[in-house]
2 protein chains.
Amino acid sequence: MVEESARAPARTRLLDAAEELFYERGIAATGVDSVLRRAHVAPATLYAHFAGKDHLVAAYLQRRHERWWDVWDDVLERCGDDPVRRALSVFDALAELGSRSRTGRGCAFLGAAVEITDPDHPAHAWLVTGNRLLTDRLRELAAGTGALDADALAAELLLLYDGELAAGRRRATGGSPPPSVAVRDLAAAAVDRHRRAG
Amino acid sequence: MVEESARAPARTRLLDAAEELFYERGIAATGVDSVLRRAHVAPATLYAHFAGKDHLVAAYLQRRHERWWDVWDDVLERCGDDPVRRALSVFDALAELGSRSRTGRGCAFLGAAVEITDPDHPAHAWLVTGNRLLTDRLRELAAGTGALDADALAAELLLLYDGELAAGRRRATGGSPPPSVAVRDLAAAAVDRHRRAG
DNA sequence: GTCTATATGTCGATAGAC
DNA sequence: GTCTATCGACATATAGAC
C-alpha cells in the first residue's frame with residue numbers, strides 16, 4: 001500500500017495515492033499534482049477516469065466507506081446471534097479496521113465532513129449516507145438487545161464511537177497524547193444498564 | 001456578531017469575519033478575499049495587522065481558545081469547592097459556550113486539526129497547547145474527586161467530551177441528525193463509579 | 001488510455017498613493 | 001493605517017499527439 005505496484009491499473013493507483021494523501025494531509029491541502037506524482041499517472045489519465053478532483057474525493061470516500069462496512073460485516077457475522085456481542089460489534093470492528101487501514105489520524109469521514117461543506121459536492125452524498133447507515137444500524141443493534149430505550153442506547157453507543165474516533169485525531173495533533181480508554185468496556189456497561197432499566 | 005460594526009477597529013472586524021467563515025466553511029475553503037469582503041477591509045490592511053493568512057488563522061484559534069477558557073473558568077468558579085461539580089464543569093461549560101458562540105458545526109479545534117497538518121504552521125502551536133491544557137485540567141479535576149484511578153477517569157471524561165463535540169460535526173453533516181444524549185449524566189455516572197472502585 | 005505541454009482561473013501577497 | 005490596482009505562483013483542468 002505504501003508503494004503502488006506499477007502494474008496495477010491507473011485507476012487503482014490513483015485511488016491508492018489519493019487515499020493516503022487525502023487522509024494524511026487533508027483534502028484541500030493535497031493538490032492533484034501530488035496525487036499524480038505518487039500514482040505515477042499523467043494528468044489526462046486522471047481526467048479520463050474521474051470527472052475532476054471532486055469526484056476523485058467522492059470515490060475515495062466511497063472506497064473508505066466500503067472497506068469499513070466490509071470489516072464491520074465480517075465482525076458482525078462472527079457474532080452469531082448474541083445480541084449483546086452484536087451491539088458491541090462496532091467497537092470490535094473499529095479495532096480490526098485499525099490493523100488493516102491507516103487510522104492514525106482519526107476518522108476519515110469526520111475529516112472530510114470538516115472540509116466538505118458544500119452540499120453540492122459530489123462527495124457530500126457519501127457523508128450523509130455513511131451517517132445514516134451508521135445510525136440506523138446502531139439503532140437496530142441496540143433494539144436487538146432488548147434495551148428498554150433502544151434509541152437512547154444507540155445514542156450512547158454513537159457518542160462513544162464518535163469519542164473514540166475524535167480521540168484519534170486528537171492524538172495526531174501532537175503534544176502529549178491522552179491515554180486511551182477501554183471504550184468497549186464502557187459500551188458493554190451501557191448495554192448492560194439499558195437492559196436492566198429504562 | 002453577524003454584522004460587524006463598521007466602527008470597530010479593522011483588526012476586530014477581520015477576526016470576527018475570519019471566525020465566522022473559517023468555522024462555517026472551513027479554513028482552506030475560505031479565501032482571504034471572502035474575509036476581506038465580509039470585514040469591509042482592504043487587502044493591505046489585513047497584511048498590516050497579520051503576517052499572512054496563516055497568522056490570521058492562528059489568531060482565530062487563539063481567540064476561540066480564550067473564549068472557551070473564559071467560559072470554563074467562570075463555570076468553574078461557580079462550582080466552589082465541590083470536587084464532583086468541578087469535574088463535571090467541562091460539560092456545563094460546553095452547554096454555556098453553545099449559547100454564546102457558534103457551535104453548530106462542532107469543535108473549532110477539531111476542525112482546525114484536520115486542516116492544519118504542517119507542524120510549522122503558525123496555528124499549530126495553539127492546537128497542541130489547547131490539547132495539553134485540556135488534558136491537564138481534566139486530570140487535575142479528576143484527581144480532585146478522589147477517584148482511585150484519576151487518569152482513567154480523566155480519559156473517560158475526555159472521551160465523552162470528544163464524543164459530544166464530534167457529534168456536533170456529525171449533526172452538521174445533514175441527513176437524519178442523531179438524537180442527543182445526556183452526556184453530563186454519563187459523566188456523572190463515570191465519576192461516581194471511579195469514586196467507589198478502581 | 002496514456003503521454004507532454006499548456007491554458008485558465010483563483011488565491012495569497014505586494015506596490016505605491018494618500 | 002487605509003485605500004486601489006496589480007503581481008506572481010500555484011492548482012485545476014484541457015489540447016493534441018501517440
Side-chain angles (χ1 to χ4, degrees), chain A residues 4-61 111-112 114-118 120-124, chain B residues 4-61 111-112 114-118 120-124:
Chain A
E4 279 71 43
S5 163
R7 305 220 184 316
R11 187 189 156 90
T12 304
R13 296 207 308 275
L14 282 168
L15 279 173
D16 287 341
E19 180 167 354
E20 286 190 37
L21 294 172
F22 287 160
Y23 181 68
E24 214 76 32
R25 304 186 196 166
I27 295 171
T30 300
V32 171
D33 272 11
S34 318
V35 178
L36 294 174
R37 256 182 286 125
R38 180 176 283 246
H40 301 289
V41 161
T45 305
L46 189 158
Y47 294 98
H49 286 280
F50 302 95
K53 180 183 177 179
D54 290 354
H55 291 262
L56 178 61
V57 174
Y60 150 66
L61 280 185
V114 170
E115 303 204 65
I116 301 171
T117 60
D118 178 8
D120 293 333
H121 192 292
H124 188 262
Chain B
E4 280 72 44
S5 162
R7 305 217 182 318
R11 187 188 156 89
T12 304
R13 297 207 306 275
L14 281 168
L15 280 173
D16 287 342
E19 180 167 353
E20 287 190 38
L21 293 172
F22 288 159
Y23 181 69
E24 214 74 33
R25 304 185 197 167
I27 294 171
T30 299
V32 172
D33 274 10
S34 318
V35 178
L36 294 174
R37 256 181 287 126
R38 180 176 283 245
H40 300 289
V41 161
T45 305
L46 189 158
Y47 293 98
H49 286 281
F50 302 95
K53 179 184 178 179
D54 289 353
H55 290 263
L56 178 61
V57 174
Y60 149 66
L61 279 185
V114 170
E115 301 204 66
I116 301 170
T117 59
D118 178 9
D120 294 333
H121 192 292
H124 188 261

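Atoms considered below: every heavy atom in the structure, side chains included; atoms not considered: hydrogens, waters and symmetry mates. Convention: sequence-line order gives letters A, B, ...; per-chain numbering from 1.
Among all heavy-atom pairs drawn from A/V35 and A/A18, the shortest one is CG1-N, 4.0 Å. The minimum heavy-atom distance between A/R13 and A/A39, with the atom names listed, is NE-O, 2.8 Å.
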Report all side-chain donor-acceptor pairs from residues 41-56 of chain A shorter than 3.5 Å, counting only partners two or more places apart or in another chain.
from, atom 1, to, atom 2, distance (Å)
A/K53, NZ, A/I27, O, 3.1
A/K53, NZ, A/T30, O, 2.8
A/D54, OD1, A/H121, NE2, 3.4

key: Heavy-atom protein contacts under 4.0 Å, nucleotides 3-18 of chain C, coded B base, S sugar-phosphate only, - none   = BBB------SBBB---

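What separates CZ of A/F22 from P of D/dA11 is a distance of 13 Å, to the nearest Å. The distance from atom CZ of A/R25 to atom P of D/dA11 is 11 Å, rounded to the nearest whole Å. Rounded to whole Å, atom C1' of C/dT2 lies 12 Å from atom CG of A/L46. One can place CG of A/L21 at 16 Å from C1' of D/dT12, the figure rounded to the nearest angstrom. Nucleotide D/dT14 holds its P atom 15 Å from the CZ atom of A/F50, rounded to whole Å. Taking atom CG on B/L36 and atom C1' on D/dT4, their separation rounds to 13 Å, with Å as the unit.
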task = Could you go through the side-chain contact (heavy atoms from CB on, under 4.5 Å) check for A/T117 and B/E24 one step at a time?
result = CA-CA 8 Å; A/T117 60; B/E24 214 74 33; over 6 Å; no

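In this structure, A/L21 and A/R38 have side chains that are in contact, with non-hydrogen atoms separated by less than 4.5 Å.
Side-chain atoms of A/E115 never come within 3.5 Å of backbone atoms of A/G26 as a donor-acceptor pair (strictly under, hydrogens ignored).
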